[in-house]
Amino acid sequence: MNSILRPLLMAAVIGSAGSTVAAEQVTAVRYDSVQVKGAEVFYREAGPQDAPAVLLLHGFGASSHMFRNLIPALATGYRVIAPDLPGFGLTRTDQGFKYTFDNLADVIDAFTSAKGLQRYAIYVFDYGAPVGWRLAVRHPEKITAIVSQNGNGYEEGLSPGWAPMRAAWADPTPENREALRKFNTLDMLKWQYTEGVKDPTVIAPEGYLLAHEAVQRIGVEPQMDLLVDYGQNVRQYPLLHAYFRRHQPPLLAIWGKNDPFFLPPGAEAFKRDNPNAEVRFVDSGHFAIETHGAEIAQAMRNFLDRHLGQGNKN
């Protein structure tokens with residue numbers, strides 16, 4: 001090999017290896033916990049500390065585990081943080097903790113402060129949506145962008161499948177509450193992952209198995225408390241819509257169109273109050289990230305790059 005070319009080739013090889021190592025260090029996911037507001041919040045984090053921050057909020061039947069592939073996909077350009085909500089995953093709460101969505105939002109609000117997030121984008125899914133909506137209404141100056149993956153904020157997004165919950169909201173009798181217990185069984189959790197999916201064999205079982213294990217470990221009663229309390233989220237929708245009209249944050253609604261609980265009109269409704277809302281659908285169910293994770297990650301990355309880039313630091 002030409003003596004002039006050899007050093008250049010070696011430098012390229014070494015530089016490439018160095019870049020690979022640096023990329024691996026950036027995308028390496030770290031696992032830790034923070035004590036705030038009566039909860040020891042477990043979280044996953046990756047990405048440069050000085051990059052724009054993105055807060056990932058999971059929902060019912062899940063935990064931060066649902067973001068296991070999304071976090072590395074975003075972490076090369078963003079500081080990505082995904083906590084487990086109280087009642088889910090590996091987050092622990094003090095004895096006597098009251099499982100309401102107001103309290104969940106209080107915990108995550110304090111968590112963002114503990115992590116030094118002055119400004120951040122949010123990705124909301126299912127229960128993560130009413131938590132994220134509260135953060136946005138409380139601190140509109142902190143929210144840089146919103147991605148909603150089947151995270152509802154409108155009445156028209158609620159399917160007939162909410163009938164048992166609506167009965168408990170209207171009349172929280174022991175009988176109406178007890179009717180909600182079935183939603184925490186393993187069969188029902190699995191159904192929520194597979195319903196509306198053309199090929200259920202692509203759904204990894206870890207998601208619903210880990211969710212069921214957490215229910216067994218933490219208890220069914222906290223989950224039933226949250227199902228009964230969900231009616232408070234619906235009552236707060238007007239506050240959310242007013243926030244959208246006034247602040248018009250960049251918003252991407254990317255929706256599994258076959259979701260048995262949150263219907264496509266709920267995604268389209270964002271455009272009614274927020275002209276900056278973008279809406280797109282994927283041919284999947286409630287847990288669309290399990291079947292269309294790469295597509296959702298790419299859409300989210302493109303969306304964040306357009307609206308945040310590297311100039312909007314946390």
Side-chain angles (χ1 to χ4, degrees), residues 26-27 29-34 36-37 39 41-59 63-64 66-67 70-86 88-89 91 101 104-149 151 153 239-240 243-244 246-254 270 274 276-278 289 296-297 299-314:
V26 166
T27 58
V29 180
R30 299 174 294 281
Y31 309 90
D32 205 347
S33 61
V34 171
V36 291
K37 290 279 186 179
V41 180
F42 171 84
Y43 65 95
R44 303 163 192 253
E45 179 175 1
Q49 291 291 300
D50 63 345
V54 183
L55 180 69
L56 308 179
L57 298 174
H58 69 84
S63 67
S64 60
M66 71 176 283
F67 302 121
L70 180 61
I71 292 173
L74 300 178
T76 54
Y78 298 91
R79 180 187 180 192
V80 190
I81 303 179
D84 285 351
L85 298 177
F88 299 86
T91 287
F101 283 92
L104 265 57
D106 287 346
V107 168
I108 299 304
D109 198 357
F111 170 80
T112 63
S113 295
K115 292 299 297 174
L117 302 185
Q118 299 174 14
R119 304 190 72 210
Y120 52 92
I122 55 174
Y123 172 119
V124 298
F125 165 74
D126 191 86
Y127 277 11
V131 173
W133 302 151
R134 282 168 170 78
L135 299 182
V137 169
R138 291 179 190 178
H139 309 294
E141 75 284 356
K142 293 185 177 183
I143 305 302
T144 57
I146 297 171
V147 175
S148 176
Q149 189 254 291
L239 294 176
L240 172 65
Y243 158 77
F244 285 146
R246 180 175 180 181
H247 298 281
Q248 299 181 11
L251 188 150
L252 170 65
I254 187 161
F270 286 110
N274 185 356
N276 291 323
E278 306 170 30
I289 197 171
I296 289 171
M300 186 174 178
R301 185 63 187 257
N302 292 342
F303 169 78
L304 293 174
D305 287 350
R306 276 189 286 117
H307 293 287
L308 304 185
Q310 293 298 313
N312 193 348
K313 307 264 182 176
N314 64 315

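Residues Ala114 and Val36 approach most closely at CB-CG1, 4.0 Å, considering heavy atoms. Residues Ala75 and Ala46 come closest through the heavy atom pair CB-CB, 3.7 Å. Pairing each heavy atom of Pro83 with each of Leu55, the nearest pair is CD-CD1, 3.8 Å. Contact detail for Gly77 and Pro52: the closest heavy-atom pair is O-CD, 3.9 Å. Considering all non-hydrogen atoms of both residues, Gly89 and Ser63 come closest at CA-CB, 3.8 Å. When all heavy atoms are compared, the tightest approach of Ser33 to Tyr43 is N-CE2, 3.7 Å.
Using modelled atom types, one side-chain atom of Tyr78 and one backbone atom of Asp305 make a donor-acceptor pair closer than 3.5 Å. Side-chain atoms of Asn276 come within 3.5 Å of backbone atoms of Gln248 as a donor-acceptor pair (strictly under, hydrogens ignored). Side-chain N or O atoms of His58 include none that pairs as donor or acceptor with a backbone N or O of Asp84 at under 3.5 Å.
Here the CG atom belonging to Leu135 is positioned 11.5 Å from the CZ atom belonging to Phe111, to the nearest 0.5 angstrom. Summarising the geometry, atom CD1 belonging to Ile289 is positioned 3.5 Å from atom OH belonging to Tyr123; distances are rounded to the nearest 0.5 Å. Atom CD1 of Ile143 sits about 11.5 Å away from atom CG of Leu251, to the nearest 0.5 Å. Taken to the nearest 0.5 Å, the CG atom of Leu56 stands 5.0 Å off from the CZ atom of Phe67. The structure places CZ of Arg30 at 9.0 Å from CD1 of Ile81, a figure rounded to the nearest 0.5 Å. Taking OG from Ser113 and CD1 from Ile108, the interatomic distance works out to 11.0 Å, rounded to the nearest 0.5 Å.
Under the rule for a side-chain contact (heavy atoms from CB on, under 4.5 Å), the partners of Ala121 that lie at least two apart in sequence or sit in another chain are Val54, Thr144, Ala145, Leu304, Leu308. Checked against salt bridge (Lys or Arg N to Asp or Glu O under 4.0 Å), Arg44 has no partners two or more places apart in sequence or in another chain. Ser148 pairs by the side-chain contact (heavy atoms from CB on, under 4.5 Å) definition with Val124, Trp133, Trp255, Phe270, not counting sequence neighbours. With sequence neighbours excluded, the residues that form a side-chain contact (heavy atoms from CB on, under 4.5 Å) with Asp106 are Asn103, Arg138. Remark: His247 engages Tyr243 in a ring pair (Phe, Tyr, Trp, His ring centres under 6.0 Å) (not counting sequence neighbours).
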Practice item. Using the side chain to side chain contact (heavy atoms under 4.5 Å, CB included) rule, take Glu45 and Lys115 through it: C-alpha gap first, then chi angles, then the decisive distance, then the call. Key: CA-CA 10 Å; Glu45 179 175 1; Lys115 292 299 297 174; 2.9 Å; yes
Review point. Stepwise, does the side chain to side chain contact (heavy atoms under 4.5 Å, CB included) test hold for Ile254 with Val147?
Key: CA-CA 7 Å; Ile254 187 161; Val147 175; 4.3 Å; yes
Point to revise | side chain to side chain contact (heavy atoms under 4.5 Å, CB included) between Arg79 and Leu117, worked out | key: CA-CA 10 Å; Arg79 180 187 180 192; Leu117 302 185; 3.5 Å; yes
Exercise for review: For side chain to side chain contact (heavy atoms under 4.5 Å, CB included), just list the numbers for Thr76 and Arg301, CA-CA rounded to whole Å, side-chain angles, deciding distance to a tenth of an Å, and then say yes or no.
Suggested key: CA-CA 10 Å; Thr76 54; Arg301 185 63 187 257; 2.9 Å; yes
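Under a cut-off of 6.0 angstrom, the local environment of CZ in Arg246 is sparse, with at most 12 non-hydrogen atoms contributed by other residues, nucleotides or ligands.
Judged by distance alone, the side chains of Asp109 and His139 do bring a donor and an acceptor atom under 3.5 Å apart.
The salt bridge (charged side-chain N to carboxylate O under 4.0 Å, His left out) contacts involving residues 120-129 comprise nothing, where partners must be two or more places apart or lie in separate chains.
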